[in-house]
Asks: 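This is the structure I have questions about; it appears just below.
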Amino acid sequence: MNVITPDQRRAAAEAGDAPLKLEDPQTGDSFILVRADIFRRMTDQLEEREDRIEHEAWAAQARRARESWAREDPY
């Protein structure tokens, strides 16, 4: 595990719960630093959203299949 520098610690403390944008001056790459508990909450919410979307898609597909079957069934 990497350890944050004193400058990063100070900037994170000043940012509070807000994400902290860091940039690598050598590569120009940008990074976002967030506390681990906030990151876990964000990923949990994304997973729940993905699960809900998948469930809704399967439900819609099942509904279309039932409707199609009902139209084709002469009885």
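As the structure is a computational prediction, the values presented were derived from the model and not from experiment. All values below come from the heavy atoms of this structure, side chains included, with hydrogens, waters and symmetry mates left out.
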Asks: Please identify each residue that fulfils side-chain contact (heavy atoms from CB on, under 4.5 Å) with Ala62, with sequence neighbours left out.
Replies: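 Partners of Ala62 under the side-chain contact (heavy atoms from CB on, under 4.5 Å) test: Arg66.
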
Asks: Mind checking what makes side-chain contact (heavy atoms from CB on, under 4.5 Å) contact with Thr43, not counting sequence neighbours?
Replies: Phe39

Asks: For residues Gln8 and Leu22, report the shortest heavy-atom separation together with the two atoms involved.
Replies: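 It is NE2-CD1, 3.9 Å.
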
Asks: Do you know which two heavy atoms are closest between Lys21 and Ser30, and how far apart they sit?
Replies: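 Closest heavy-atom pair between Lys21 and Ser30: CE-OG, 3.5 Å.
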
Asks: One pair to check against salt bridge (charged side-chain N to carboxylate O under 4.0 Å, His left out): Asp37 and Arg40. What are the steps and the verdict?
Replies: CA-CA 5 Å; Asp37 63 316; Arg40 278 191 296 276; 5.7 Å; no

Asks: Do you reckon Leu20 sits in the same ILVMFWY cluster as Ile32, going by side-chain contacts under 4.5 Å, direct or chained?
Replies: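 They do not share one cluster, since no chain of ILVMFWY contacts under 4.5 Å joins Leu20 to Ile32.
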
Asks: Answer yes when Arg41 and Asp44 have at least one side-chain N-carboxylate O distance shorter than 4.0 Å, and no when they do not.
Replies: no

Asks: Out of Glu50, His55, Glu56, which residue meets the side chain to side chain contact (heavy atoms under 4.5 Å, CB included) rule with Arg52?
Replies: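 Among Glu50, His55, Glu56, the one that satisfies the side chain to side chain contact (heavy atoms under 4.5 Å, CB included) with Arg52 is Glu56.
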
